[in-house]
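Step one of this worksheet: look at the structure below.
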Amino acid sequence: MAAAGAVTTVAASYVPRTRDSFLHLLSKAVTLSHLTELHAQLLHNGFQSDIATTTKLTHRLFDFSAVHHARSLFFSFPEPDRFLCNVLVKGLASNESPRSAIAAFKRLRERKSIDLGPDNFTYAFVIPAAASVGDVKVGISLHGQVIVGGFCSDLFIGSALIDLYFKLGRDDMARKVFDEMPERDAVLCNTMVSGLGRSSRFEDSIGIFRRMVSGDEMQMSNVSPNPVTITSILSACAQLGALSLGQWVHGLIKSNKFDSNIYVSTALIDMYAKCGSIVEARRLFESIPNKNDVTWNAMISGYGLHGHGQEALKLFHEMVSSGTPLTRITFLSILHACSHSGLVKEGEQIFKSMKRDHGFEPISEHNACMVDILGRAGKLKEALDFIEGIPGDPGTPIWSTLLGACMVHKDTNVARMASEKLFESDPGNMGYYVLMSNIYSSDKNYPGAAFVRQVAKKRNLSKTPGCTLIEIHQKPHVFKAGDWSHPLSRAIYAELERLNGKMKEAGYQAETMTSLHDVEEEEKELMVNVHSEKLAIAFGLLSTEPGTEIRIFKNLRICLDCHTASKYISRVTQRVIVARDANRFHRFEDGVCSCGDYW
DNA sequence: GTCGACGTGC
């Protein structure tokens with residue numbers, strides 16, 4: 001503390017200092033004004049051409065984002081060496097100036113006469129810069145230079161290259177770099193695990209994780225999962241809905257004493273909530289002593305996902321009184337919870353208080369939430385008024401939200417208006433054409449529906465195929481629409497047939513007929529085909545004891561017919577069915593869904 | 001005097 005005090009007084013400037021004491025003070029500085037003061041003292045003490053202190057000062061200035069100051073210090077130094085140049089490249093790269101970092105790197109390479117050629121550090125700094133701007137040409141050129149320079153076995157560079165190739169969308173190259181590393185450490189493996197996860201290649205990602213756990217490969221003999229690995233894997237479990245794997249990882253967390261890591265415990269809450277175990281998520285939440293904003297947000301959004309709007313509101317108010325700083329994501333989470341539960345008044349109040357009491361100017365996503373809240377509740381006129389009140393261009397997500405609400409409430413006029421904006425701003429997105437065509441169909445405007453589909457076809461767009469996952473005895477089974485690839489297909493279709501009879505007796509009517517008119521043959525076939533949700537549910541019924549809860553996961557939003565069918569199935573079989581779709585959870589019990597038919 | 005990977009909202 002004495003040191004920190006000294007640098008803030010002007011009198012101290014006249015005390016002669018040694019290089020070591022300056023280096024120490026530079027590392028300790030906690031504010032930018034400390035650094036500015038130290039810079040003045042360095043000049044007073046004749047250190048302007050001392051490279052070690054100049055390097056440290058440049059580094060620390062970048063730490064405080066004083067990019068301009070750091071830059072001019074660098075350029076005022078007569079003969080920078082490679083070390084100082086590396087600090088410049090790193091500083092620029094980590095201060096949202098990756099393009100300047102690349103430019104600086106190129107200038108250095110051109111001046112190789114004074115032995116400023118890049119070393120392993122330079123590449124470890126400049127490759128992430130190329131990755132963050134997504135520059136394929138520069139990225140590949142850097143990889144080439146790494147090979148020529150003989151830096152291939154450097155672990156820092158290896159991780160940077162793996163991350164680069166994932167960011168460029170070249171998963172196979174990332175894999176190649178990983179496979180060819182003579183030795184691997186935890187960070188290198190984690191880069192691979194999280195990169196594969198971001199590319200939705202979960203099985204591959206889990207494969208690397210398993211190899212880290214088993215530890216019987218020469219190249220990874222000293223590598224075992226750490227908290228970073230664990231959070232990446234939990235995030236994969238959450239996206240996959242892989243509860244049993246998540247539980248197994250939870251065991252690993254306990255035996256490795258990673259419980260106290262806040263990243264790990266927050267990821268666990270998120271995993272349990274997204275895998276359908278909201279009660280377990282809350283139990284864990286309560287057991288965490290050092291909750292931060294992200295922990296609270298994860299729990300609030302978990303309640304939102306399950307349609308437990310009141311619980312989400314209670315927790316939100318507890319968060320406010322706990323003194324935890326609220327963030328934009330807190331408001332997104334609570335507003336989503338309101339929209340999923342139809343809490344219009346509460347949502348409006350929170351939206352107002354966000355700006356008034358907490359000083360957050362709404363960004364596009366908050367506005368989209370409000371449109372969602374109003375639109376889902378059928379207040380399309382209010383939603384339109386709200387959109388008109390948004391300064392500037394409301395943006396694609398808002399029109400897309402409004403279009404979704406039009407589908408639920410069958411409003412063709414507002415839908416036409418929203419879709420025109422969307423076709424203009426995002427013409428390559430098939431989802432909008434499908435929605436608009438369905439809206440026309442449900443209004444019996446078949447020429448309109450056919451026209452929209454034709455436009456989509458001319459633009460060569462195709463639908464994301466729907467699929468549903470169900471985990472039986474810790475093994476995942478994935479079904480597509482009309483799937484016959486499962487070994488038990490005969491039994492599954494027979495079970496569906498049997499269910500259909502019982503459901504019809506109970507009053508079920510298929511809801512697909514309205515959209516069957518005037519569609520292309522290929523598409524008609526797809527619509528007549530049994531949806532993947534039903535196949536997964538039938539398989540679940542066959543494979544589990546009576547009374548067991550059935551949990552399924554759908555990659556898209558659940559369709560109206562499958563939603564209705566699931567309600568009937570839950571009644572005629574007396575089973576609870578929990579379905580997670582792309583948006584939220586549905587819990588079907590005795591003919592009723594927890595979403596209140598509101599999704 | 002200089003290096004990397006993780007959790008919350010769509």
Side-chain angles (χ1 to χ4, degrees), chain A residues 19-20 22-24 26-27 47 50-60 62-63 80-91 93-94 119-128 131 151 154-164 166 185-195 197-198 225-236 238 258 261-271 273-274 291-302 304-305 327-337 339 363-366 368-369 372 396-398 400-401 582-584:
Chain A
R19 170 197 271 178
D20 277 355
F22 268 126
L23 289 175
H24 179 77
L26 284 165
S27 327
F47 279 93
D50 180 69
I51 199 153
T53 45
T54 303
T55 304
K56 190 72 184 175
L57 177 59
T58 311
H59 179 211
R60 296 293 286 145
F62 275 121
D63 282 350
D81 64 357
R82 178 193 283 145
F83 207 139
L84 180 51
C85 292
N86 286 346
V87 168
L88 175 74
V89 173
K90 185 210 169 199
S94 53
D119 63 2
N120 53 333
F121 280 87
T122 328
Y123 287 111
F125 297 144
V126 74
I127 293 169
F151 298 119
D154 185 289
L155 286 164
F156 286 86
I157 294 177
S159 301
L161 282 171
I162 290 171
D163 192 54
L164 164 78
F166 277 120
D185 67 357
V187 177
L188 192 96
C189 296
N190 289 347
T191 310
M192 200 62 204
V193 168
S194 84
R198 289 200 305 266
N226 65 18
V228 178
T229 330
I230 298 285
T231 43
S232 292
I233 284 298
L234 286 174
S235 148
F258 292 152
N261 180 302
I262 191 65
Y263 278 77
V264 169
S265 43
T266 302
L268 262 178
I269 290 176
D270 183 55
M271 184 277 292
K274 287 191 177 144
K291 301 182 202 36
N292 63 18
D293 54 331
V294 184
T295 319
W296 286 89
N297 294 348
M299 194 64 231
I300 292 172
S301 93
L305 216 53
T327 66
R328 293 198 150 77
I329 293 182
T330 310
F331 285 99
L332 281 176
S333 308
I334 188 65
L335 289 172
H336 276 126
S339 88
I363 57 171
S364 154
E365 286 93 335
H366 296 115
C369 277
D372 199 35
T396 310
I398 282 169
S400 148
T401 304
N583 260 353
R584 59 167 295 152

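All figures in this text were calculated on a predicted structure; none of them were measured in a lab. Sequence lines set the chain letters: A, B, ... in the order given, protein chains first and strands last, and positions in each chain run from 1.
- In this structure, A:Phe83 and A:Thr55 approach most closely via the heavy-atom pair CD2-CG2, 4.1 Å.
- Counting non-hydrogen atoms under 4.0 angstrom, A:Leu234 reaches nothing in the nucleic acid.
- Using a 4.0 Å heavy-atom distance criterion, A:Leu188 is classed as a base contact.
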Apply the test side chain to side chain contact (heavy atoms under 4.5 Å, CB included) to residues A:Ile233 and A:Val193: give CA-CA distance (whole Å), side-chain angles for both, the deciding distance (0.1 Å), then the verdict. CA-CA 8 Å; A:Ile233 284 298; A:Val193 168; 3.9 Å; yes
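- Checking each of A:Leu268, A:Thr295, A:Thr231 against A:Tyr263 for a side-chain contact (heavy atoms from CB on, under 4.5 Å) leaves exactly one that passes, namely A:Thr231.
- Among the atoms of the strands shown, base atoms are found under 4.0 Å from some heavy atom of A:Leu155.
- At a threshold of 4.0 angstrom between heavy atoms, the contacts of A:Arg584 with the nucleic acid are absent.
- A:Asn292 comes within 4.0 angstrom of a nucleotide base, judged by non-hydrogen atoms across all strands.
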Walk me through whether A:Thr330 and A:Thr327 qualify under side chain to side chain donor-acceptor pair (under 3.5 Å). CA-CA 5 Å; A:Thr330 310; A:Thr327 66; 3.2 Å; yes
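- The two residues A:Ile157 and A:Asp154 make their nearest non-hydrogen contact at N-OD1, 2.9 Å.
- Of the inter-residue distances, the one linking A:Cys85 atom SG with A:Arg82 atom CZ reads 9.5 Å to the nearest 0.5 angstrom.
- A:Ile51 comes within 4.0 angstrom of a base, heavy atoms only.
- Nucleic acid contact class of A:Asn261 (heavy atoms, under 4.0 Å, all strands): none.
- Using a 4.0 Å heavy-atom distance criterion, A:Lys291 is classed as making no nucleic acid contact.
- A:Thr122 comes within 4.0 angstrom of nothing in the nucleic acid, heavy atoms only.
- For DNA chain B, the span of nucleotides reached by chain A at under 4.0 Å from its heavy atoms goes, 5' to 3', from B:dG1 to B:dC10.
- Between A:Leu335 and A:Cys369, the shortest heavy-atom distance links the atoms CB-CB, 3.7 Å.
- Within 4.0 Å (heavy atoms only), A:Asp270 reaches sugar-phosphate atoms of the nucleic acid but no base atom.
- Within 4.0 Å of A:Asn226, counting heavy atoms only, lies at least one base atom of the nucleic acid.
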